[in-house]
Enquirer: 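One structure is given below, represented as structure tokens, and several questions about it will come after.
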Amino acid sequence: MNFEVKLFAGAREIVGKDLVIVSLEAGATVADLRIALGQSIPALRETIEHVKFAVNHDYADDDTCLSPDSEIACIPPVSGG
Amino acid sequence: MNFEVKLFAGAREIVGKDLVIVSLEAGATVADLRIALGQSIPALRETIEHVKFAVNHDYADDDTCLSPDSEIACIPPVSGG
Amino acid sequence: MPRLTFEPIDSACLLTEVQSARAGAVVLFLGTTREYTDGRRTVSLEYDCYRDMAQQKLEQLQAEACQKWSLVHCAIVHRLGDVDLGEVSVAVAVSAGHREAAFAAGKWLIDTIKEVVPIWKKENWHDGTSEWVHPGISE
Amino acid sequence: MPRLTFEPIDSACLLTEVQSARAGAVVLFLGTTREYTDGRRTVSLEYDCYRDMAQQKLEQLQAEACQKWSLVHCAIVHRLGDVDLGEVSVAVAVSAGHREAAFAAGKWLIDTIKEVVPIWKKENWHDGTSEWVHPGISE
């Protein structure tokens, strides 16, 4: 199953795109997504340990289940203000 | 010896003047001034217990000695801001 | 230099005075004339002031805040005379490297101004009465 | 409604938005672009943002602050894109009955915005390098 993940700031710059598609099994969680992203994009491996993920505009726990119609985003540590 | 005392806000309104002249002995202190003001202006008697006095633009203690060339002011509790 | 003025306070101008590329944070506090105080309705305020001493105290407080919190800039203006509802009676603007210092300095300045600067407020109540406000002295 | 904008922030306009005869206190916080950070010189900042989520988070924080401190009004604007030295990147303005609530709400809002709202800053350093700022991730 394919999941689109939005990328921002440093993560976007490392990957060179603002969206990546990650293939995960049905019922996959945020924790599974983190592992898959680190494996498929080696340059992201260090950063990915420090990011949060948002599902439908809310921060998600590691055990949050992903659904293909959710809006998923990778949120590196924020620095607005 | 005559001392001029500036009055402001409620104290000025009670007395009806922005300056009173108080007669005190040489070497008189702020404490003496407070007593003299309460005695010579009965309407001020309640207020005078709650005011501070300033001598040359600085708050003075009760035992500060007054000199006739000091600028003396009666400072009721402030309410600026 | 702190200012005591009978004219309306220009808050935007104060912000311009304190903003700087050396500062990461600006805090502006405005005291404004509130219509209701404990259920009583105000129509306007009037401020009295012991000008020489108030000016000197404000300068001392400004210098103390600038030193204690390493402020980049600090501006203080207090209104005198009649102040209408909703208008600004006092403005304190500070800039600092970081926001913690800016908030702490702004808060301390207005707290201390209200405690030690010889300025007094008269409430003109809607019922036609008026009174000088002297905290701690009951009517 | 909080705003995310590529245009310069008009602080005076924010003050007008929050001033009210129901309020006795206004606190405005401005975050401004500082030239030097730990001795390194910045020429400009660039802000990236996850707009839908940032808008939603800002609305949640504004609603929470309004309720917790009984604010009269609250206005929040965050700048996006390129921000020059000395310019305002974020503005938070609140009005409340009394100053304690206004300071507490203003401080909490900017602290929490910097913690949870998905906005990121890129430092363009004077030496020609640049980097996205991600607190906790070392270079």
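Everything quoted here is computed from the prediction, not taken from an experiment. Naming convention: chains lettered A, B, ... in sequence-line order (proteins, then strands); numbering from 1 in each chain.
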Enquirer: Suppose we screen for ring pair (Phe, Tyr, Trp, His ring centres under 6.0 Å). Which residues come up paired with C/Y47, at least two apart in sequence or across chains?
Expert: C/H78
Enquirer: Between the side chain of C/D48 and the main-chain N/O of B/A9, is any donor-acceptor distance below 3.5 Å?
Expert: yes
Enquirer: Checking C/V88 against chain B: side chain, backbone, both or neither under 4.5 Å from a heavy atom?
Expert: neither
Enquirer: Contact part of C/K121 toward chain B, heavy-atom cut-off under 4.5 Å: side chain, backbone, both or neither?
Expert: both
Enquirer: Say whether, by atom type as modelled, one donor and one acceptor occur between the side chain of C/W120 and the main chain of B/P76 under 3.5 angstrom.
Expert: yes
Enquirer: When rounded to the nearest 0.5 angstrom, what is the spacing between CD in B/E46 and CD1 in C/I137?
Expert: 7.5 Å
Enquirer: Considering residues, nucleotides and ligands other than B/E4, do more than 12 of their heavy atoms fall under 6.0 Å from its CD?
Expert: no
Enquirer: For C/Q55, is it the side chain, the backbone, both or neither that has a heavy atom under 4.5 Å from a heavy atom of chain B?
Expert: neither
Enquirer: Taking all non-hydrogen atoms of both residues into account, name the closest pair between C/V116 and B/Y59 and its distance.
Expert: O-OH, 2.5 Å
Enquirer: Rounded to the nearest 0.5 Å, how far does NE2 of C/H134 lie from CD1 of B/I75?
Expert: 10.5 Å
Enquirer: Is there a donor-acceptor contact under 3.5 Å from the side chain of B/S79 to the main chain of C/V133?
Expert: yes
Enquirer: List for me each residue that meets ring pair (Phe, Tyr, Trp, His ring centres under 6.0 Å) alongside B/H57, sequence neighbours excluded, and say none if there are none.
Expert: C/Y50
Enquirer: Taking all non-hydrogen atoms of both residues, which atom of B/V78 and which atom of C/P118 are closest, and how far apart?
Expert: CG1-CA, 3.7 Å
Enquirer: Let me confirm one number: the CG-NZ distance from C/D52 to B/K6, rounded to the nearest 0.5 Å.
Expert: 7.0 Å
Enquirer: For C/M53 and B/A54, work out which heavy atoms get closest and say how close.
Expert: SD-CB, 3.4 Å
